[in-house]
Amino acid sequence: APGDRDADFASAITVPLTPLQSEAISLIRSKQYKSAEYVGTFALSQQQQAGQQLNASNVTTDGVSLSITYEILADCSAKTDQYKRALWLYRRAAGLRHVAASTAGISPNHAAS
């Protein structure tokens with residue numbers, strides 16, 4: 001099942017949440033979606049300014065961290081009825097996870113049966 005693949009992949013590559021990611025997730029749980037979106041946007045900006053663009057030396061951890069931020073923003077967009085934006089953000093997150101998995105030598109589909 002697709003959910004099993006996600007769980008297997010998530011356990012294969014783990015990175016700690018940044019404080020801003022944790023705050024955004026807390027806001028989402030409190031149903032404060034616009035506030036979470038602002039925090040998520042700030043987190044993404046910080047990650048990009050810190051040089052967390054994908055490159056050969058840090059693609060795995062930074063790719064996963066960036067994908068988490070994109071997923072946070074996608075969740076906010078979906079909860080505020082911005083479905084096209086949410087879809088784009090989820091696809092961006094999935095792409096980053098795929099690149100991180102390939103770089104780490106893990107197939108995102110390894111649990112498929």
Side-chain angles (χ1 to χ4, degrees):
D4 296 335
R5 284 195 308 256
D6 294 342
D8 289 344
F9 179 68
S11 66
I13 299 177
T14 58
V15 295
L17 295 176
T18 67
L20 288 172
Q21 288 171 332
S22 294
E23 179 64 22
I25 290 169
S26 175
L27 289 166
I28 289 170
R29 288 182 180 143
S30 300
K31 298 182 180 182
Q32 298 178 32
Y33 306 119
K34 285 309 265 182
S35 296
E37 183 177 5
Y38 296 140
V39 172
T41 300
F42 185 66
L44 181 62
S45 176
Q46 268 196 341
Q47 287 174 303
Q48 290 172 337
Q49 286 179 2
Q52 293 189 348
Q53 300 297 327
L54 299 181
N55 64 50
S57 66
N58 63 2
V59 69
T60 301
T61 55
D62 290 347
V64 172
S65 184
L66 281 170
S67 75
I68 291 168
T69 303
Y70 278 110
E71 289 167 357
I72 289 168
L73 291 170
D75 288 348
C76 294
S77 293
K79 294 293 186 179
T80 56
D81 300 329
Q82 300 174 56
Y83 300 115
K84 286 184 180 181
R85 182 170 189 261
L87 182 60
W88 182 87
L89 290 163
Y90 283 129
R91 286 180 177 163
R92 178 79 174 157
L96 289 167
R97 286 215 180 231
H98 182 77
V99 169
S102 335
T103 303
I106 300 167
S107 169
N109 299 321
H110 72 281
S113 44

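By convention here, the first residue in the shown sequence is residue 1. What you see is a predicted model, and the numbers here were worked out from it, not measured in a lab.
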Strictly by salt bridge (Lys or Arg N to Asp or Glu O under 4.0 Å), give each pair with a member in residues 15-44 just once, sequence neighbours left out.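 The answer is Lys34-Glu37, Glu37-Arg85.
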Could you note down all residue pairs passing salt bridge (Lys or Arg N to Asp or Glu O under 4.0 Å) where residues 68-80 supplies at least one of them, sequence neighbours left out?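 Pairs touching residues 68-80 that pass the test: Glu71-Arg97.
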Can you measure from CG (Leu89) to OG (Ser67) and round to the nearest 0.5 angstrom?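 The OG atom of Ser67 is 12.0 Å from CG of Leu89, to the nearest 0.5 Å.
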In Å, rounded to the nearest 0.5 Å, how long is the span from OH of Tyr83 to OH of Tyr90?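 Rounded to the nearest 0.5 Å, the OH-OH separation comes out at 10.5 Å.
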Who pairs with Ala94 by side-chain contact (heavy atoms from CB on, under 4.5 Å), at least two apart in sequence or on another chain?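 Testing Ala94 for side-chain contact (heavy atoms from CB on, under 4.5 Å), a comparison that skips the adjacent residues, returns none.
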Does Leu17 have any side-chain contact (heavy atoms from CB on, under 4.5 Å) partners at least two apart in sequence or in another chain, and if so, which?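 If we apply the side-chain contact (heavy atoms from CB on, under 4.5 Å) test to Leu17, skipping adjacent residues, the hits are Gln21, Ser22, Ile25, Ile68.
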Test of understanding: with side-chain hydrogen bond (donor to acceptor under 3.5 Å, both in side chains), list the residues that count as partners of Ser35, not counting sequence neighbours.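 Here no residue qualifies.
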Report yes or no: does Ser77 contribute a side-chain atom to a donor-acceptor pair with the main-chain N or O of Leu73 at less than 3.5 Å?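 At least one qualifying donor-acceptor pair exists.
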How close do Ala36 and Ala24 get, counting heavy atoms only, and between which atoms?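 Shortest heavy-atom separation between Ala36 and Ala24 comes out as CB-O, 3.5 Å.
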Should side-chain heavy atoms under 4.5 Å link Ile, Leu, Val, Met, Phe, Trp and Tyr, which residues sit in the same cluster as Val39?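 Members alongside Val39: Leu20, Leu27, Phe42.
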